[in-house]
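First comes the structure, then the notes that go with it.
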Amino acid sequence: MNALKFNETKSMDFIAIGRLCIDLNANEINRPMEETMTFTKYVGGSPANITIGMARMGMKAGFIGKVANDQMGRFIVDYLQKNQIDTSNVVTDQTGALTGLAFTEIKSPTDCSILMYRENAADLKLAPSEVLEEYVAQSKVVLISGTALAQSPSREAVFLTLDYARKHGAIIVFDIDYRPYTWTSREETAVYYNLAAEKCDVIIGTREEFDMMERFEGNVTNDGATAGKWFDYQAQIVVIKHGKDGSIAYTKDGESHKGAIFPAKVIKTFGAGDSYAAGFLYGLMQGWEISESMAFGGAAASIVISSHSCSDAMPTVDQVKTYIDRCNNGEIVSS
Ligand SMILES: Nc1ncnc2c1ncn2[C@@H]1O[C@H](COP(=O)(O)OP(=O)(O)OP(=O)(O)O)[C@@H](O)[C@H]1O
Ligand SMILES: O=C(O)C[C@@H](O)[C@H](O)C(=O)CO
């Protein structure tokens, strides 16, 4: 069992707020993007990917966001609906804002980068008035994603969602999701990430993301010190991700848990964090032990980094369980 108490009377399992964008993943891989001529279009955006992952695992999921009033915006909403994700609090921009594009470069399985086109992005124009309190109130879990804090009015929409979520007894998850190209100042970034993190029950980030948040405190000694800071606020679980070296979770009771990693035939590295979060949160919501939930997230991550896409590749529960079995009997080895 884990210590989180989910309100089982709620009609929705999981909602997220934040970025809905389009991934354009290079088809000609293992070369720089200058040599890429074609791309495959997928729905993207870290919180969207996590929500798609939760829905793929059978959770009743919804989303709070804003899309552009164009073909890409309609593609995104249609994809969410086809994946049984409630879109009743996804609003359409009427100011001519655009859909964020994430061009992904896959130079090698371990050397990937994302070229972001996020000028006038519709997702950052979500206003507080467009967040429905009754929508937030219906969910067991509410996830916020850090990039939505980058600009107003999205920033204020997130903080209002945090207040609604706390008022209505949701478990609040903060996926730090620091994307430098969306911010103008590292100081401003750290201020808003810390203000948000203080309100969250579960905080998930990479070592680098926590380092960014701790910029005003000098060098924090270690992961345990990083986690310990947040238990003075709302946090019950703090997860620090370390890529191929796995993850470590700390709980308010002073325990720590190492996350298992699974072999992967890596095509690209990105998408690991989103699939890890989906698998981890799914496990917690089933009442599993933290280490079991971390392993489930780790296996989900290995599946997604072994795939060309992020959203399309988000696995079902059976796919994750089968993957774990195949790894354990030696059928799958890293390459
Ligand atoms: N090469 C790998 N092999 C196996 N597991 C991996 C690998 N890379 C990542 N993972 C798993 O995925 C988890 C999250 O990956 P990572 O730490 O890279 O997060 P992230 O930087 O948020 O991911 P993203 O690249 O999607 O932003 C890791 O803690 C680990 O469990
Ligand atoms: O979150 C983004 O904007 C980029 C994602 O769309 C992309 O799938 C990725 O990097 C996932 O981690």
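Computed from heavy atoms alone, side chains included, the values below leave out hydrogens, waters and symmetry copies.
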Backbone N/O of Gln81 and side chain of Thr87: donor-acceptor pair under 3.5 Å: no
Greater than 12 external heavy atoms within 6.0 Å of Glu187's CD: yes
Nearest-0.5 Å distance, CG of residue Asp223 to CD1 of residue Ile240: 3.5 Å
Short side-chain to backbone donor-acceptor contact, Glu209 and Tyr178, under 3.5 Å: yes
Val239 with Phe14, same ILVMFWY side-chain cluster at under 4.5 Å: yes
Any pair counted as salt bridge (Lys or Arg N to Asp or Glu O under 4.0 Å), so long as it reaches residues 324-335, sequence neighbours left out: Arg326-Glu331
Met294 CE to Ser247 OG distance, which is reported to the nearest 0.5 Å: 3.5 Å
Sequence-distant partners of Ser46, side chain to side chain contact (heavy atoms under 4.5 Å, CB included), two or more places apart: Arg19, Ile50, Ser145, Asp175, Asp177, Arg179, Asp274
Stepwise side-chain hydrogen bond (donor to acceptor under 3.5 Å, both in side chains) check, Asp318 with Thr316: CA-CA 5 Å; Asp318 286 346; Thr316 65; 5.5 Å; no
Donor on one side chain, acceptor on other, Thr147 and Arg118, under 3.5 Å: no
Donor-acceptor side-chain pairing of Thr206 and Glu208 below 3.5 angstrom: yes
Path from Met213 to Ile144 over hydrophobic side-chain contacts below 4.5 Å: yes
Polar side-chain atom of Gln84 near backbone of Lys82 as donor-acceptor pair, under 3.5 Å: yes
Any residue meeting side chain to side chain contact (heavy atoms under 4.5 Å, CB included) with Ser152, in chain and number order, not counting sequence neighbours: Arg155, Glu156
Non-hydrogen atoms of Asn222 and Gly224 that approach each other most closely: OD1-N, 2.8 Å
Summary of ring-ring contact (aromatic ring centres under 6.0 Å, His included) pairs that have at least one residue in residues 54-112, sequence neighbours excluded: Phe39-Phe103, Phe103-Tyr117
Listed once per pair and sorted, the ring-ring contact (aromatic ring centres under 6.0 Å, His included) pairs that draw on residues 125-165, sequence neighbours left out: none
Donor-acceptor pair, side chain of Lys10 and main chain of Ala137, under 3.5 angstrom: yes
Remaining members of hydrophobic cluster (4.5 Å side-chain criterion), Leu124: none
Distance-only donor-acceptor check, side chains Thr104 and Asn25, under 3.5 Å: yes
Polar side-chain atom of Ser275 near backbone of Ala272 as donor-acceptor pair, under 3.5 Å: yes
Residues which pass side chain to side chain contact (heavy atoms under 4.5 Å, CB included) with Lys252, listed by chain and number, not counting sequence neighbours: Phe231
Under the side chain to side chain contact (heavy atoms under 4.5 Å, CB included) test, residues paired with Ser11 that sit two or more places apart: Gln138
Interatomic spacing from CG in Leu284 to CZ in Phe296 - rounded to 0.5 Å: 11.5 Å
Joint hydrophobic cluster, Leu24 plus Ile76, side-chain heavy atoms closer than 4.5 Å: yes
Summary of salt bridge (Lys or Arg N to Asp or Glu O under 4.0 Å) pairs that have at least one residue in residues 33-61, sequence neighbours excluded: none
Ion pair check, Asp70 and Arg74, cut-off under 4.0 Å: no
Residues in side-chain hydrogen bond (donor to acceptor under 3.5 Å, both in side chains) contact with Glu292, at least two apart in sequence or another chain: none
Side-chain donor or acceptor of Ser154 paired with backbone N/O of Ala148 under 3.5 Å: yes
Test log, rule side-chain hydrogen bond (donor to acceptor under 3.5 Å, both in side chains), inputs Glu105 and Thr36: CA-CA 8 Å; Glu105 180 175 60; Thr36 297; over 6 Å; no
Working for ring pair (Phe, Tyr, Trp, His ring centres under 6.0 Å), residues Trp288 and Tyr282: CA-CA 9 Å; Trp288 298 351; Tyr282 173 83; 5.6 Å; yes
Pair Arg166 + Asp201: basic N to acidic O under 4.0 Å: yes
Side chain to side chain donor-acceptor pair (under 3.5 Å) pairs, two or more places apart, involving residues 253-273: Thr251-Asp253
Short side-chain to backbone donor-acceptor contact, Lys66 and Lys125, under 3.5 Å: yes
Centroid-centroid distance, Trp230 to Phe174, less than 6.0 Å: no
N/O donor-acceptor pair under 3.5 Å between Asn7 side chain and Thr9 backbone: yes
Between Thr40 and Asn27: side-chain donor-acceptor atoms closer than 3.5 Å: yes
Expected output: side-chain Asp13 to main-chain Ala61 donor-acceptor under 3.5 Å: no
Heavy-atom closest pair, residues Ala26 and Ile106: O-CD1, 4.3 Å
Distance in Å, Thr161 OG1 paired with Leu143 CG, rounded so as to fall on 0.5 Å steps: 11.5 Å
Path from Leu149 to Leu195 over hydrophobic side-chain contacts below 4.5 Å: yes
4.5 Å side-chain heavy-atom contact, Lys107 and Ile29: no
Path from Ile290 to Val317 over hydrophobic side-chain contacts below 4.5 Å: yes
Atom of Ile203, atom of Ala235 and distance for their closest heavy-atom approach: CD1-CB, 4.2 Å
Donor-acceptor pair, side chain of Asn89 and main chain of Glu130, under 3.5 angstrom: yes
Pairs involving residues 314-335, ordered by first then second residue, that meet ring-ring contact (aromatic ring centres under 6.0 Å, His included) (sequence neighbours left out): none
Distance (rounded to the nearest 0.5 Å) between Thr189 OG1 and Ile176 CD1: 12.0 Å
Gap separating the OH atom of Tyr42 from the SG atom of Cys310, nearest 0.5 angstrom: 9.0 Å
Exceeds 12 heavy-atom contacts within 6.0 angstrom, atom NZ of Lys199: no
